[in-house]
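Sequence lines set the chain letters: A, B, ... in the order given, protein chains first and strands last, and positions in each chain run from 1. What you see below is based on every heavy atom in this structure, not just the backbone, and it leaves out hydrogens, waters and symmetry mates.
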Amino acid sequence: MYRVSLRLTRDHMEAEDLVAQASLLAWEKFPTLKNHQSFKFWVLRICQNLFITKYRKQKREGRVLVESELLSEDEDFSLFEQLSSPLIFYSTSPEKEFLNKISSEQINLALDSLPEKYKSIVTLCCLEDVPYQEAAIILDLPIGTVRSRLHRGKAILQKLLWDLGKEKRYVR
Amino acid sequence: MSGKKYIIPCTQAVKKMFELLEGKIELSERDKLDVHLDTCRECCNRLEFESLLRKKLQTVNQEEKVPTSLEKKISGLLKTF
């Protein structure tokens with residue numbers, strides 16, 4: 001829950017507050033939980049709802065890119081396809097070399113730069129391995145929307161990593 | 001039915017490899033992907049890359065530890081009940 005909160009808020013103190021509030025609410029509401037096996041997803045949903053109601057309206061500073069700037073031409077962007085293009089690297093394995101070079105800080109920057117509606121889905125489905133069905137319940141979205149946003153979110157994330165790699169001249 | 005195996009195109013194989021990585025592929029679809037991968041080196045490379053990228057993203061994500069101040073904050077709040 002802390003990792004998800006940190007991704008949403010991008011701030012350690014705000015993430016702590018969010019988790020504390022969600023824990024408190026979960027403690028209060030626990031007797032209403034019918035299926036205890038779904039506890040993890042239930043708590044994540046509380047956390048997500050709290051974030052939406054209390055934090056979303058806050059203005060955020062930092063590098064928030066507009067979606068249309070990221071994928072104006074190709075919403076099926078593939079980092080692999082870019083790296084497989086001839087003359088990108090001298091290496092015989094450009095894809096692996098790129099992944100070795102890209103740092104944790106750059107990955108965090110790319111994840112944090114995702115537009116909010118994609119960040120929640122990528123965080124849940126890619127980073128926390130939450131099933132689509134559960135992600136749909138947590139985010140209160142139809143499962144088809146979860147699938148399409150996840151597809152687009154992953155493409156945006158790969159484009160962000162590609163741009164960061166180009167900035168650092170990992171690719172030509 | 002003939003015993004000949006149907007080979008799906010790369011575009012379909014890419015969709016199925018994401019299902020595979022997310023642990024959401026059905027057995028029959030996994031067979032189709034395997035048949036494709038047997039004959040397509042490009043898709044094999046892509047599957048390996050997407051798998052490595054996914055692991056790298058998850059590793060970075062796992063690096064965040066819960067601060068001790070948060071544990072204290074929650075236990076303090078729960079004691080008020």
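For chain B, the nearby parts of A:Ile102 are the backbone and the side chain; heavy atoms of each come within less than 4.5 Å. Residue A:Glu105: no heavy atom, backbone or side chain, is found under 4.5 Å from chain B. Residue contact with chain B, scored on non-hydrogen atoms closer than 4.5 Å, involves the side chain of A:Leu6 exclusively. Contacts between A:His12 and chain B at a heavy-atom distance below 4.5 Å involve the side chain alone, from C-beta outward. With a threshold of 4.5 angstrom between heavy atoms, A:Ile107 approaches chain B through side-chain atoms but not through N, CA, C or O. Contact annotation for A:Tyr2: only side-chain heavy atoms (C-beta onward) come within less than 4.5 Å of a heavy atom of chain B. Heavy-atom distances place the side chain of B:Ile74, and not its backbone, under 4.5 Å from chain A. Neither the backbone nor the side chain of B:Thr59 has a heavy atom closer than 4.5 Å to any heavy atom of chain A. Using a 4.5 Å cut-off between heavy atoms, A:Val130 touches chain B through its backbone atoms (N, CA, C, O) alone.
At a heavy-atom cut-off of under 4.5 Å, chain A is reached by B:Glu42, B:Asn45, B:Arg46 from residues 39-46 of chain B, listed in order of number.
Electrostatic pairing of B:Arg30 and B:Glu26 does not count as a salt bridge here, judged by no charged N lying under 4.0 Å from a carboxylate O.
Formation of a donor-acceptor pair under 3.5 Å by the B:Lys16 side chain with backbone atoms of B:Thr11 is not found in this model.
Between chain B and the residues A:Cys125, A:Ala110, A:Cys126, the most heavy-atom pairs under 4.5 angstrom are made by A:Cys126.
Residues A:Phe30 and A:His36 come closest through the heavy atom pair CZ-CE1, 3.8 Å. Here the closest non-hydrogen pair linking B:Pro9 and B:His36 is C-CE1, 3.7 Å. Nearest approach of A:Ala136 to A:Pro142, heavy atoms of both residues: CB-C, 4.4 Å.
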Q: May I have the step-by-step check of side chain to side chain contact (heavy atoms under 4.5 Å, CB included) for A:Arg7 and A:Asn108, ending in yes or no?
A: CA-CA 9 Å; A:Arg7 286 278 164 234; A:Asn108 275 323; 2.7 Å; yes
Q.
Could you walk me through whether B:Lys32 and B:Glu29 satisfy the salt bridge (Lys or Arg N to Asp or Glu O under 4.0 Å) test, starting with their C-alpha distance in whole Å, then the side-chain angles of each, then the deciding distance to 0.1 Å, before giving a yes or no?
A. CA-CA 5 Å; B:Lys32 289 179 192 169; B:Glu29 300 302 302; 3.3 Å; yes
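A:Asp11 meets the side chain to side chain donor-acceptor pair (under 3.5 Å) test with no other residue; sequence neighbours excluded.
No hydrogens or angles considered: nothing links the side chains of A:Glu167 and A:Gln106 as a donor-acceptor pair under 3.5 Å.
Among residue pairs with one or both ends in residues 68-77 of chain B, those qualifying as salt bridge (Lys or Arg N to Asp or Glu O under 4.0 Å) are A:Glu16-B:Lys73, A:Asp17-B:Lys73; sequence neighbours excluded. Applying the salt bridge (Lys or Arg N to Asp or Glu O under 4.0 Å) test to every pair with at least one member in residues 127-147 of chain A, sequence neighbours left out, gives these pairs: A:Arg3-A:Glu128, A:Arg45-A:Asp140, A:Asp129-B:Arg54.
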